[in-house]
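These notes are about the structure you will find just below.
These figures come from a predicted structure and were not determined experimentally.
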Amino acid sequence: MAQVKFHITNNDEYREAYAHSVAQPEDFWNHIAGHYNWRKPWSKTLEWNFEEPRVRWFEGGKLNITENCLDRHLEQRGNKIALIWEPNDPKEMSLRFTYRELHAHVNRMANILKNLGVKKGDRVCIYLPMIPELAFAVLACARIGAIHSVVFAGFSANSVADRINDSACEFVITSDGLNRGAKQIPVKSVVDEALETCPSVQKVLVVNRLNWPINMKTGRDVWYHNELMHANEQCAAEEMDSEDELFILYTSGSTGKPKGVVHTCGGYMVYAGYTFANVFQYRESDIFWCTADIGWVTGHSYILYGPLLNGATTMMFEGVPTFPDPGRFWQVIDKHNVNIFYTAPTAIRSLMASGVDHVLAYSLHSLRILGSVGEPINEEAWHWYHTHVGKGRCPVVDTWWQTETGGIMISALAGISELKPAHAGLPLPGIQAILVDAEGKEIIGNDVEGYLCIKYPWPSILRTTYGDHERCRINYFATYKNLYFTGDGARREANGMYRIIGRVDDVINVSGHRFGTAEIENAINQNKKVVESAVVGYPHDIKGQGIYAYVILADMQQANNHTRDEIIESVVEHIGRIAKPDVIQFVSGLPKTRSGKIMRRILRKVAEGEFSSLGDTTTLLDPLVVDEIIAGKQN
Ligand code: WTA
């Protein structure tokens, strides 16, 4: 077999790499992992079974991911820009940090954390807006072996508290407030409220973003800028085992509360760096901009770790696509000469709706490659992106992956693979994707549709869900024997290319954000007037999926807009603004089977406005409920 190369440069090399990765997975990953700096080599490449599940990569290997992200570039790229920060308000100055400067900032933050008592293995909740200190904080945790748990700064106090308590975080890093378009939003007060129910938290480190007067609790809260004055800029990296935990990231599943997906140091590093280099065909002088928030996995892997592992220049953006106007993305691309741009279909669709003039006002000549992530991209959005943003010359890579996968799984390689609008394409080397039927039987051949599963481990597969391994097993490994089940349905077309259809479980994807229907129902049910609710997704022009809630009230006399507002408030309070229902329909009953199970299939059809194809309703306890729901919707 041919020598394994880290960088794939043409289709033959992709095919060779893929074939090698399937025929000799351990040999393949040994070569890829050898591209990184390890303090001590691993003794066993892979140990796995999907029954427990137990997956261990590069066992015995010692490393620190920040040495690979920072220290190893200092000699060659010390003065190269590692991080560009673009503020919310275009009138404020953008900031640039060289690798040497970023290294110093991370070390100082690491020393501050150490001074506060943070040790290897401690969990640190990071609840920060998209400011440079967020990047410093994430890397500082990794530097000293603390496990970061970043919580998106749009989540409510309840959600923050749940996440802190689930992994018993001892430390929180936050800010006074945040900028979001024309608005300034409190952050520290959300943390204060959350911490009323978080006994594990000892210290809170607060970054000053807005100069807001905030409450600082003596003995618990400390200002970052005060600590910075006596923080040394040298901090030796903690030696980590390949399988030591690197981070926890909470994500929604179909049942219960969000779960803490756990990634470990070695495998995650190997895969994040490898996929960044190849999917985006990164070149040394490229400026890379991923518009995600670091609060989501996309930001973890492709704003921070993936680019920095490759010595790239990565950008983080504090603002929103529509402030001060819908040309903001394109203006930023021209301002910083961005070469690779990675965003979500929902952003593209919302900018499409504002008209093409906002794009045409900018040159965008620096762009070479475009990417899409987070949800299926519809063909119309794909073409608009390709034509108006990419001027027809930039390949669009539609990258399918998940919080649980740690890195991109199915995608074209930019400029190398065949592109087909709305198709993610072929699996990356090391990814043995298959489709199965409802019984878990593999569906062979092309031009077929089924449940998307992966049959062999890749280095950044989730290791567990924090504190609850059984849940990890049930969620991902128990549906189909010996397979990792993604929760997505997909088609495999004539040439082996995959087209992702979407979730087949009770997860809805709203503007690229995942919510469990149970989670939203739970928030709605907190309202005292509510007896029961059922939430489903429905097609939404901009968001991809909207949230449709059917709600039964104790007193149907109160079925009015005031109650609707209260219910929305309840969701905002328990989850956050991002989970607000788009439609609330009051109903007197829900379609249930005789055993009491809600038939969501019917509710989904009604929400979609498809009344003619409801399927078999004879097993329902009360088939008349369906007629009433349809009548209520039409009103
Ligand atoms: C969906 C985001 C179609 C999918 C990285 C998956 C996609 C869920 C795509 C994971 C894509 C992500 N095409 N669907 N290119 N990328 N998804 O954990 O349903 O926030 O299961 O990770 O988003 O969302 P998560």
Side-chain angles (χ1 to χ4, degrees), residues 66 104-129 131-153 155-178 186-238 240 244-250 260 294-295 466-467:
T66 69
H105 277 289
V106 169
N107 283 339
R108 288 159 86 189
M109 178 79 93
N111 282 323
I112 292 173
L113 295 179
K114 276 184 161 176
N115 293 341
L116 291 179
V118 184
K119 299 178 305 297
K120 179 176 178 178
D122 288 348
R123 276 82 54 223
V124 178
C125 170
I126 304 178
Y127 185 69
L128 276 173
I131 53 177
E133 289 79 4
L134 170 53
F136 307 161
V138 166
L139 297 167
C141 286
R143 185 91 180 158
I144 62 176
I147 302 166
H148 55 77
S149 169
V150 183
V151 177
F152 172 63
F155 279 116
S156 69
N158 276 293
S159 293
V160 179
D162 282 349
R163 288 159 171 77
I164 288 176
N165 286 329
D166 185 74
S167 45
C169 295
E170 289 102 333
F171 304 90
V172 178
I173 308 177
T174 189
S175 67
D176 51 349
L178 66 83
V187 175
K188 175 62 164 53
S189 59
V190 178
V191 170
D192 288 340
E193 193 189 329
L195 294 193
E196 284 170 19
T197 56
C198 298
S200 57
V201 173
Q202 298 158 18
K203 296 277 182 205
V204 179
L205 184 64
V206 187
V207 179
N208 179 10
R209 172 65 182 119
L210 300 178
N211 272 321
W212 270 6
I214 53 163
N215 181 37
M216 294 289 282
K217 189 170 170 187
T218 321
R220 187 193 71 183
D221 301 350
V222 289
W223 281 109
Y224 172 69
H225 56 261
N226 287 344
E227 299 299 302
L228 207 49
M229 291 191 283
H230 43 88
N232 193 303
E233 55 176 59
Q234 287 304 325
C235 176
E238 188 76 31
M240 306 297 284
D244 279 339
E245 292 171 353
L246 174 64
F247 67 84
I248 304 169
L249 189 53
Y250 284 86
I294 292 174
Y466 197 87

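- With a 4.5 Å cut-off on side-chain heavy atoms, Tyr127 and Val187 count as touching.
- No donor-acceptor distance shorter than 3.5 angstrom exists from the side chain of Asn111 to the backbone of Ala231, with no hydrogens or angles considered.
- Side-chain contact check for Ile173 versus Leu113: some heavy-atom pair is nearer than 4.5 Å.
- Between the side chain of Asp176 and the backbone N or O of Asn211 there is at least one donor-acceptor pair closer than 3.5 Å.
- Nearest heavy-atom pair across Ser200 and Cys169 is OG-O, 2.7 Å.
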Check the pair Ile112, Tyr224 against side-chain contact (heavy atoms from CB on, under 4.5 Å), reporting the backbone distance first and the verdict last. CA-CA 8 Å; Ile112 292 173; Tyr224 172 69; 3.7 Å; yes

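- Gly260 approaches Ile248 most closely through the heavy-atom pair CA-CG2, 3.6 Å.
- In this structure, Asn107 contributes its side chain and Glu233 its backbone to a donor-acceptor pair below 3.5 Å.
- Here the closest heavy-atom approach between residue Thr66 and residue Ala237 is recorded as OG1-CB, 4.3 Å.
- With contacts defined as side-chain heavy-atom distances shorter than 4.5 Å, the pair Ile126/Cys141 qualifies.
- The closest side-chain donor-acceptor pair between Arg123 and Ser149, if any, does not fall under 3.5 angstrom.
- Just one of Asp221, Asn215, Asn208 meets the side chain to side chain donor-acceptor pair (under 3.5 Å) condition when paired with Lys188; it is Asp221.
- No donor-acceptor pair closer than 3.5 Å links the side chain of Lys217 to the backbone N or O of Val222.
- Within the 4.5 Å cutoff, the side chain of Ile164 has heavy atoms near those of the Leu195 side chain.
- A donor-acceptor pair is defined here as one N or O able to donate and one able to accept, closer than 3.5 Å; no such pair exists between the side chain of Arg209 and the backbone of Ile131.
- The closest donor-acceptor contact from the side chain of Ser175 to the backbone of Leu128 lies at 3.5 Å or more, if one exists at all.
- Residue His148 holds its NE2 atom at 4.5 Å from CG of Leu246, rounded to the nearest 0.5 Å.
- Scanning both residues, Gly177 and Pro129, for their nearest heavy atoms gives O-CG, 4.0 Å.
- Put simply, the side chain of Lys120 reaches to within 4.5 Å of the side chain of Met240, judged on heavy atoms.
- In terms of heavy-atom proximity, Leu249 sits nearest to Val150 at CD1-O, 3.5 Å.
- Separating the CE atom in Met109 from the CD1 atom in Ile144 is a distance of 10.5 Å, to the nearest 0.5 Å.
- Inter-residue side-chain proximity for Ser159 and Val151 is flagged as unmet; no heavy-atom pair is nearer than 4.5 Å.
- Atoms CG and CE, on Asn226 and Met216 in that order, are 7.5 Å from each other to the nearest 0.5 Å.
- The closest donor-acceptor contact from the side chain of Arg143 to the backbone of Leu139 lies at 3.5 Å or more, if one exists at all.
- Checked options Val201, Asp122, Val124; the residue passing with Glu170 is Asp122 (criterion: side-chain contact (heavy atoms from CB on, under 4.5 Å)).
- Atom CD1 of Ile147 is separated from atom CD of Glu245 by 4.5 Å, given to the nearest 0.5 angstrom.
- Using a 4.5 Å heavy-atom threshold, the side chains of Thr174 and Val190 count as separate.
- Counting heavy atoms from C-beta outward, Cys235 and Lys114 have side chains that approach closer than 4.5 Å.
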